[in-house]
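No hydrogens, no waters, no symmetry mates; every other heavy atom, side chains included, goes into these values.
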Amino acid sequence: MAKRAWLMKSEPNVYGWDDLIAEKEGTWDGVRNHRASNNMRAMEVGDQVFFYHSNIGREIVGIAEITVSGITDPTDPENKWAAVKLKPVRKLDRPVTLKEIKADPTMKECELVRLSRLSVAEIRPDEWEKILLKSKS
DNA sequence: GCCAACGTTGGC
DNA sequence: GCCAACGTTGGC
């Protein structure tokens, strides 16, 4: 089964990597953007997710994995928005900043750079590898 | 159905 | 704190 990869943004002072670690499994709800919601609908259990700190830090800090997919947002009375659950996998050796990603001309096309306001973005396999590589340097 | 006004997100 | 980008709302 072809796994896809994603990037999810969260403000660390609201819900950061440490909160996900503490909870062991987090529910990603409250997303009210169609593109982000569609991305979540496309997720499958086992998909890998970069965990990104927006606003404070502006960097990818860790890798998480989808544990439950295709659920409806429990905070949505209309039951029309999607949600997923995810668990932490590991912290990156070193955070990869948005600045570094933007500085790489081959990353211009990724949703993270193109659509800065999108809170749930798709990461293509080659982009995933490039970011991982940066975290090891 | 168009578009101006407004609100929100998130980088800087 | 400012502003650009984007989404939503509401008047016409």
Side-chain angles (χ1 to χ4, degrees):
Chain A
M1 150 174 49
K3 301 282 182 210
R4 296 170 80 180
W6 312 93
L7 178 140
M8 290 169 137
K9 291 184 184 178
S10 189
E11 297 195 34
N13 56 342
V14 178
Y15 188 93
W17 175 256
D18 292 339
D19 296 300
L20 183 64
I21 294 284
E23 274 200 333
K24 296 192 173 69
E25 184 181 60
T27 302
W28 217 261
D29 55 24
V31 173
R32 294 294 180 271
N33 171 281
H34 287 288
R35 186 152 189 159
S37 197
N38 284 343
N39 279 343
M40 290 209 288
R41 258 182 251 282
M43 290 177 184
E44 289 175 23
V45 172
D47 280 2
Q48 302 292 108
V49 178
F50 278 136
F51 195 101
Y52 174 86
H53 281 171
S54 62
N55 246 309
I56 301 165
R58 279 165 246 136
E59 58 194 11
I60 298 167
V61 290
I63 296 174
E65 183 180 314
I66 301 299
T67 52
V68 180
S69 67
I71 55 176
T72 51
D73 189 335
T75 69
D76 171 25
E78 308 271 307
N79 271 359
K80 50 177 194 169
W81 294 98
V84 294
K85 292 189 181 186
L86 72 170
K87 65 174 183 192
V89 175
R90 66 178 178 88
K91 229 178 161 168
L92 292 185
D93 299 338
R94 168 181 85 71
V96 177
T97 64
L98 179 66
K99 199 177 166 187
E100 288 178 74
I101 295 169
K102 282 193 162 174
D104 185 338
T106 67
M107 298 289 289
K108 285 275 188 291
E109 294 299 309
C110 72
E111 284 191 339
L112 174 66
V113 175
R114 257 188 324 118
L115 307 166
S116 68
R117 284 182 51 199
L118 187 64
S119 60
V120 182
E122 185 176 7
I123 301 279
R124 290 184 293 138
D126 59 312
E127 293 162 353
W128 180 274
E129 290 304 321
K130 269 179 237 172
I131 291 168
L132 263 194
L133 207 63
K134 288 180 205 299
S135 76
K136 286 169 182 156
S137 55

**Request:** May I ask you to decide whether A:Glu127 forms a salt bridge with A:Lys130, counting only side-chain N to carboxylate O separations under 4.0 Å?
**Result:** no
**Asked** Listed in order of residue number, which residues of residues 94-103 of chain A have a non-hydrogen atom at under 4.0 Å from DNA chain B?
**Response** A:Leu98, A:Lys102
Please table the atom pairs, donor to acceptor, closer than 3.5 Å between any side-chain atom in residues 33-41 of chain A and protein atoms at least two apart or in another chain.
from, atom 1, to, atom 2, distance (Å)
A:Asn33, OD1, A:Arg35, N, 3.0
A:Asn33, OD1, A:Ala36, N, 2.9
A:Arg35, NE, A:Glu111, OE2, 3.3
A:Arg35, NH2, A:Glu111, OE2, 3.0
A:Ser37, OG, A:Ala82, N, 3.2
A:Asn38, ND2, A:His34, O, 3.4
A:Asn39, ND2, A:Glu111, OE1, 3.4
A:Asn39, ND2, A:Val120, O, 2.6
A:Arg41, NH2, A:Lys80, O, 3.1

**Item:** A:Arg32 or A:Ser116, whichever maps to the more 5' nucleotide of DNA chain C
**Value:** A:Ser116
**Fill in**
Residues passing the side chain to side chain contact (heavy atoms under 4.5 Å, CB included) test with A:Ser10, sequence neighbours excluded, are A:Tyr15, A:Trp28, A:Phe51
**Request:** Run through the side-chain heavy atoms of Ile, Leu, Val, Met, Phe, Trp and Tyr, join any pair under 4.5 Å, and report what else lands in A:Leu118's cluster.
**Result:** A:Leu115
Under 3.5 Å, side-chain donor or acceptor atoms of residues 84-98 of chain A against the rest of the protein: list the pairs with distances, not counting sequence neighbours.
from, atom 1, to, atom 2, distance (Å)
A:Arg94, NE, A:Ser137, O, 2.9
A:Arg94, NH1, A:Glu100, OE2, 3.2
A:Arg94, NH2, A:Glu100, OE1, 3.1
A:Arg94, NH2, A:Lys134, O, 2.6
A:Thr97, OG1, A:Glu100, N, 3.1
A:Thr97, OG1, A:Glu100, OE2, 3.3

**Prompt:** With sequence neighbours left out, which residue pairs that include part of residues 107-137 of chain A fulfil the ring-ring contact (aromatic ring centres under 6.0 Å, His included) condition?
**Reply:** A:Phe50-A:Trp128
**Message:** Please identify the 5'-most and 3'-most nucleotides of DNA chain C with any atom under 4.0 angstrom from a heavy atom of chain A.
**Reply:** C:dA5 to C:dT8
**Prompt:** A:Glu122: what forms a salt bridge (charged side-chain N to carboxylate O under 4.0 Å, His left out) with it, not counting sequence neighbours?
**Reply:** A:Arg4
**Request:** Keeping to residues at least two apart or across chains, list the salt bridge (charged side-chain N to carboxylate O under 4.0 Å, His left out) pairs with something in residues 22-34 of chain A.
**Result:** A:Arg32-A:Asp73
